[in-house]
Structure formats: structure tokens, C-alpha cells
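Structure record follows, encoded as C-alpha cells.
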Amino acid sequence: MKVVIIGGGIGGMTTAILLKNAGFKVCICEKETGIPARGNAFLMHAEGLDIIESLNPTPNKLQLPGKMIDSFMLKRPNDTTVKYQKLNPWQCIKRSDLIAFLYSLMPKENILSNRAFSHFQYDSNNIAVAAVFENGEIEYGDVFIGSDGAYSAVRNHLFGTTTFTPVEVKEFVGVATCPELVQQHPNLFKKFLSKEKGLSFGYIPTSDTELVWFMQFDVSLVQHKENTECMKEISNLLLKDFPADVQSILQQNDFNTTYTWNTRDFDLLPSFHKNNVVLIGDAAHLALPFTSAGTTNALKDALAITRLLATKETPEKAFEAFYAERAPEVKEHTLLGRDLKYKFLHPEVDNDDDIKIPLIEKQLPIEKTRPVYKKVHVLYFTDPVCSTCWLIQPQLRRLKLEYGDYLEIEYCMGGLLPSWENFNRGGISNPAEAAENWRQAALQNEMPINPDIWLYNPLPSSYPPSIAFKAAQMQDTDKSIIFLRRINEMLFLESKNIIENVLLHNAAYDAGLDAARLMRDLEGKAQQLFEADLELARELQISILPTFIFTDKFNNSTVLKGFQQYDAFENTLISFIPFAKKKTIKRDMEALFKVFPTLTTKEFSFLADVDIVTAEELLTSLFKDGTILQQVNNRSGIIWKLNPNWFQ
Ligand SMILES: Cc1cc2nc3c(=O)[nH]c(=O)nc-3n(C[C@H](O)[C@H](O)[C@H](O)COP(=O)(O)OP(=O)(O)OC[C@H]3O[C@@H](n4cnc5c(N)ncnc54)[C@H](O)[C@@H]3O)c2cc1C
């Protein structure tokens with residue numbers, strides 16, 4: 001079967017390579033002469049990257065172009081930070097680099113340039129037999145794929161003239177050489193968003209020296225004529241009050257190569273095909289740029305159409321299945337793009353906490369097997385400075401792994417140290433006694449614990465990190481536990497004073513939370529939630545930390561106070577659910593680190609069921625071969641974590 005692809009952009013080229021690799025005869029007809037080099041850059045999601053990487057499975061792999069982006073910062077034009085958060089990695093790629101990469105994977109004789117599509121020739125059954133181009137050339141084929149972009153001539157030919165939504169937002173996109181800015185934040189997507197009007201500016205590194213920038217603006221703000229001078233004038237005018245980094249990008253930018261994007265879309269088409277002609281990519285569906293989904297969607301189309309053409313009995317069946325598979329997702333993106341545009345044009349509707357990261361992430365199903373009928377609720381009273389709560393981590397982590405399906409653990413703050421004034425708890429009434437208590441704990445336990453903080457920089461209270469935990473919990477329950485873990489590591493191993501805002505901010509970022517929002521919430525609702533926890537602790541007369549209150553659905557409860565051996569947890573659970581079955585822990589290192597991003601040697605030994613000496617030897621050898629890293633290594637002990645580059 002011969003497939004004629006009209007449009008050698010990203011979707012068309014990727015489809016051609018995939019079809020060729022699957023044994024199809026392919027020919028690409030592109031209207032430009034030579035390799036189309038226009039365009040700036042885009043962000044590509046891991047899903048899209050996987051598809052691109054799969055095109056080139058040979059041992060002499062070509063290096064994918066672009067720069068990895070792993071964090072997002074949203075600011076107001078006055079430089080205040082609204083959002084600062086980790087991203088699952090995206091790749092920022094220059095369009096010309098990606099196109100060149102794709103062209104390098106396709107034999108030259110299969111690419112026919114200077115061919116702008118004009119119309120099809122049909123047989124008596126209305127089946128297209130050839131594509132005719134404006135230069136008079138004709139290409140015969142069995143199947144035709146229209147991948148000629150947003151203003152597709154193939155689409156117009158099949159379905160008549162497209163009705164686009166009006167252009168309410170324009171976007172300028174440029175690439176500028178700004179090595180200093182890139183070096184400051186090599187992997188950051190930084191965006192400024194006005195709170196008063198539809199106006200934003202963002203920039204993303206594309207290499208070690210270059211970045212792509214964009215300015216989106218409400219067209220009612222200025223009169224725009226499509227010429228270089230006007231573009232420069234408008235950019236300088238609208239962005240005049242934006243911070244220094246924005247000004248320096250504008251100064252470095254060459255407006256002759258800056259692209260104006262008249263952002264518009266169209267409603268979902270009733271079909272992506274007619275007989276043996278199908279549309280893919282922007283030709284088939286168009287989302288506004290707010291979603292950053294255009295390129296990834298074109299790649300996903302390429303993958304789907306190749307698979308379906310290779311497996312369905314007829315091209316028509318393949319095209320019907322293609323629509324059924326892809327239409328729901330692209331429709332969702334179109335609607336999301338419109339929603340984001342509305343919010344952009346009406347910035348007053350979103351409060352700071354509700355602003356979404358302007359990227360569509362595939363929502364991976366989170367593994368939460370929580371069969372309701374088996375649930376036992378555990379109210380866990382803890383405190384970020386509670387040493388017993390730290391020492392009990394190996395047991396608690398194992399409990400989650402082996403019996404997590406039966407348990408719902410709710411973290412509550414116990415308010416261990418309001419201040420040192422009149423403090424007397426567990427034989428401790430001042431920082432020196434706390435240091436001695438921790439020193440003894442270090443001698444008796446294999447969990448690392450460093451008493452220095454109480455000697456050299458004692459915390460005046462455990463309330464600030466407890467409130468920070470509540471702020472983390474407001475955002476995401478699972479990530480709040482990672483946050484608590486991180487501040488525990490800072491305190492118990494790194495001797496850091498975790499009342500400091502900068503440490504709380506860093507821990508929030510490390511845990512994947514929006515660090516900027518966490519800082520705002522410290523002053524507001526998180527305090528009330530913390531007060532509510534203290535009230536609950538008073539009501540339940542919690543005097544020892546940790547305290548675990550197990551309750552089943554009939555309201556039977558059992559309370560465990562203080563340090564516990566693993567058997568105590570296990571027996572309590574089994575007393576509620578006699579048929580509870582222990583899950584077999586995957587004891588290999590990778591599986592354990594995937595559940596718990598950092599582990600102490602003691603935790604690893606307890607979870608992997610090996611003695612501490614063996615655990616240490618095993619971890620050290622893995623460290624030597626680069627599989628794992630040491631997050632912390634000091635005289636108190638070591639925290640191990642997986643090397644993120646090792647398991648990609
Ligand atoms: C010049 C240009 C610059 C872009 N710049 C950016 C950017 O900076 N950032 C961003 O996020 N997205 C950009 N995009 C859009 C982005 O590349 C697409 O949304 C995405 O890659 C979808 O891919 P596609 O293959 O469907 O369409 P495209 O990648 O747009 O490819 C369409 C191809 O069809 C060709 N073509 C058009 N009409 C005809 C015709 N009549 N006959 C034959 N061939 C034809 C075009 O020359 C082009 O090569 C740009 C697109 C273009 C065309």
C-alpha cells in the first residue's frame with residue numbers, strides 16, 4: 001500500500017517514518033522548498049518524546065535536540081512569585097531542530113518539496129487516486145494523509161471552508177541568545193502573568209545559550225500590524241513595567257525572526273476522514289496555544305494512525321477507529337484551551353491558588369488500591385521534631401507497603417514544642433536535655449540521628465514546621481508526607497533549623513508542591529488547620545507522640561502510644577481484619593526506591609529483610625556503580641536516593 005502524506009511538518013514526517021518502519025511505501029509532499037526551517041520552539045511532553053525516540057532505535061542513536069525543563073515559576077509583573085513547582089520533565093525543542101532531526105531519519109527520495117496541495121483526482125467511486133499540486137505535479141497513491149497544518153488545504157477540500165473562532169489573543173514567539181539568563185535557571189519555565197489584563201510573558205531555555213520567549217496579549221489592548229517594527233513597539237510598550245530579565249530578552253531579540261501567532265481554533269470536526277483521505281495533527285484539530293499540546297497531539301496521531309493502518313482490515317476501518325480513539329482527547333484539549341483563554345482574558349476570575357500550570361500533563365493513574373470494605377482508619381499524631389516518630393519510620397514504611405491496602409493513615413500534628421517556656425515533657429525541659437535525649441537515641445537505634453541542632457541552633461518551637469505541614473496537606477496529602485519526610489531529614493541528619501522559611505520553601509519544592517503557595521498558606525488557613533489538629537489532640541488527650549489510633553468502620557478502636565515494634569502494628573491490624581493478607585514486598589532496590597524516594601540504611605535493611613551490614617554493603621556497591629546517590633552523608637549517617645539518570 002502506498003501512502004501519500006501531504007505536509008512534511010512534525011506530524012507528517014513522524015507518520016512517514018513510522019509507516020516506513022512498518023513496511024509501508026511512503027511519499028511526503030511538502031509545499032516548502034528544502035527542509036522547512038521556520039518557527040521557533042515548543043515544549044514537548046514525555047509522551048511525545050517517547051514517540052520521537054522510538055523513531056530512531058539504532059545503536060548510532062542521534063541525540064534528540066532541546067533542553068530538559070523540570071520546574072515552573074509563575075510571577076506577577078512586579079516580580080512577586082505566585083507559583084513555584086517541579087514539573088515532570090518536558091523538553092523544550094526548537095522547531096527547526098526537530099524538523100531537521102526528522103528529515104535526517106527519512107531517505108531524501110521519499111520527500112518531494114515545492115508541492116503545495118491543490119486538489120485530488122477521484123475514481124468513479126469517489127475514491128482519491130492522486131493528489132495534484134499547484135505546480136502541476138501529480139502523486140498517485142492508495143491512501144492520502146493530510147498533515148498540512150492549521151490552515152489545511154486538504155481539510156478545506158474535504159469538508160469545505162473551516163469556521164475558525166475569532167482571534168482574541170495574539171502571541172509573539174521569538175528565540176533570543178541570553179546565556180546569562182539560561183545559566184541562572186537552565187531548566188526553568190518562567191512566566192509572568194498580569195493580574196489586571198490579558199497579558200503574559202514567558203521564557204524557556206532551548207539550549208545552553210538560547211531561550212524561546214513568548215508574549216501573549218489581549219488584542220483589544222493595542223492595534224497590531226504584522227510588521228517587525230510594530231511587533232517591537234508593542235512588545236516594548238506592553239512589557240515596559242516587567243522585570244529586568246524580560247527587558248534584557250527584548251533587547252537581545254531579533255524581531256525579524258519573531259513569529260506572530262493569531263491564536264484561534266475550530267470546533268471538533270464530525271470526522272477526520274472521507275473515504276481514503278484522512279487528516280492528522282493541526283489539520284484535523286486545533287487547540288489554542290495555552291495548552292502546549294499541539295505538537296504532542298500531532299505525534300500521538302502519527303503513532304495511532306500507523307498502528308491502525310497496520311492492523312485494521314481496510315484504511316476506512318482504520319480511520320474510523322482513529323477518530324474514535326483520538327477525538328475525545330483532542331476535543332478536551334480544545335475546550336481546555338478555550339477555558340484557559342477565558343481566564344487569560346479575565347484574570348480577575350482566578351485567585352492565585354487556582355491558577356493552573358499552563359501545560360497538559362497526562363494524568364497517570366495513581367496506584368491507590370483502597371478497597372473500602374477493608375479500611376481501617378489510623379489517626380497518626382506526630383510532630384516534625386518528634387524523634388520517636390523519626391525512629392519509627394522503618395516500621396511505618398513497612399506497614400504501608402505490606403498492609404497499605406487495608407489502611408487509611410491520616411496525619412495530625414500533635415504540637416510537641418509550643419516553646420521552651422515552662423516546657424517539660426518526657427524528662428526534657430531545655431535544648432541541652434533534648435540534645436542528650438537524641439544522643440542516647442542515636443546510641444540505641446540504627447536510624448541516624450544528630451543531636452547537634454539542640455546544642456548550636458535550637459528550634460524555639462515546633463509550631464512553624466507543623467503549620468507548614470498543614471499547608472502542604474492543603475495542596476496534596478501524598479506529597480505532604482514527602483514534605484514531612486524531607487524536613488525530618490533536614491532536622492535529624494542535616495541539623496538544619498526547620499523553622500526557617502527558606503528551608504520550608506525548598507522542602508516544598510523537593511516534594512513536588514507549589515512552594516510559593518505553601519509560603520502564602522503559612523500565614524492563612526494552615527494556621528487554622530493546625531489549631532484544629534491541636535484541638536483534636538486535646539480532645540483525645542494525646543500526651544505521647546507518636547500516637548496511633550486505629551478505628552474500624554464499627555467504631556472499634558485501639559490506641560498505640562510511643563515507639564512500637566512492627567508486630568504491634570501488624571497484630572492491631574489483624575485484630576480488626578483477621579483475613580488481612582500481607583502484600584509481598586518487592587525487595588529489589590529499584591522497587592523500594594520508587595515507593596520511597598529516599599531511604600536510610602536501616603530502612604533499607606528492614607524493608608529488604610537483610611541485616612544492616614549486608615544492607616550497607618549492598619547500598620555502597622550500588623552507590624559505586626552510580627545506581628544510587630547519597631542525599632546526605634555525614635557523621636550521623638547516610639540517606640540514599642535513586643540516581644534519576646540511571647532508570648530513565
Ligand atoms: C512555520 C510554523 C512555525 C511554528 N512555530 C511554532 C512555535 O514556535 N511554537 C509552537 O508551539 N508551535 C509552532 N508551530 C505549530 C506546531 O509546529 C504544530 O502545532 C505542531 O507541530 C503540529 O504539527 P503538524 O504536523 O500538524 O503541523 P505543522 O508542523 O504545522 O506542519 C504542517 C506542514 O504542512 C506544510 N503545508 C502547509 N500547507 C501545505 C500545502 N497546501 N501543501 C503541502 N504542504 C503544506 C507546512 O509547510 C508544514 O511543513 C508552528 C507551525 C508552523 C507551520
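Residue indices begin at 1 and follow the sequence shown. Whatever order the structure lists ligands and atoms in, that order sets their numbers, starting from 1.
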task: Please say which of Arg76, Arg517, Lys83 ends up in a salt bridge (charged side-chain N to carboxylate O under 4.0 Å, His left out) with Asp352.
output: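 Only one of Arg76, Arg517, Lys83 forms a salt bridge (charged side-chain N to carboxylate O under 4.0 Å, His left out) with Asp352, namely Arg76.
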Sequence neighbours excluded - salt bridge (charged side-chain N to carboxylate O under 4.0 Å, His left out) pairs with any residue from residues 237-257: Lys190-Asp245
- prompt: Using 4.0 Å as the upper bound for N to carboxylate O, is an ion pair formed by Glu139 and Lys2?
  reply: yes
task: State plainly whether the residues Lys331 and Asp267 are in salt-bridge range, i.e. N to O under 4.0 Å.
output: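 Result for this pair is no, no salt bridge flagged.
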- prompt: Out of Glu30, Glu171, Glu134, whose heavy atom is nearest to atom 47 (O) of ligand 1?
  reply: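 Closest candidate by heavy-atom distance is Glu30.
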- request: Return the option from Asp148, Val212, Val175 holding the heavy atom at the smallest distance from atom 38 (N) of ligand 1.
  value: Asp148
statement: Test ring-ring contact (aromatic ring centres under 6.0 Å, His included), reference Phe72, set Phe189, Trp90, Tyr84, output is Phe189
Considering distance alone, does some N or O of [X] sit under 3.5 Å from an N or O of ligand 1?
X      : value
Ala41  : yes
Arg95  : yes
Gly11  : yes
Phe117 : yes

- prompt: For Lys195, does the NZ atom have more than 12 heavy-atom neighbours from other residues, nucleotides or ligands under 6.0 Å away?
  reply: yes
- prompt: Hey, are Lys75 and Thr81 close enough side-chain-wise for a donor-acceptor pair under 3.5 Å?
  reply: yes
task: Measure Lys31 to ligand 1 on non-hydrogen atoms and call it side chain, backbone, both or neither using the 4.0 Å cut-off.
output: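 Looking at Lys31 and ligand 1, atoms from backbone and side chain both fall under 4.0 Å.
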Looking at [X], which atoms of ligand 1 are within less than 4.0 Å of one of its heavy atoms?
X      : answer
Gly8   : 49 (O)
Thr295 : 20 (C), 21 (O)
Ala298 : 22 (C), 23 (O)
Phe42  : 9 (N), 10 (C), 11 (O), 12 (N), 17 (O)
Trp261 : 9 (N), 10 (C), 11 (O), 12 (N)
Gly149 : 27 (O), 32 (C)
Ser147 : 32 (C), 33 (C), 34 (O)
Gly281 : 26 (O)

- request: Go through the structure and list residues passing side chain to side chain donor-acceptor pair (under 3.5 Å) with Asn78, not counting sequence neighbours.
  value: Thr80
message: Return the CD1 to OG distance between Ile280 and Ser152, rounded to the nearest 0.5 Å.
response: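 Between Ile280 CD1 and Ser152 OG, I get 10.5 Å after rounding to 0.5 Å.
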- prompt: Applying the side chain to side chain donor-acceptor pair (under 3.5 Å) test to His333, which of Asn297, Thr291, Asp265 qualifies?
  reply: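 Output: one option passes, namely Asn297.
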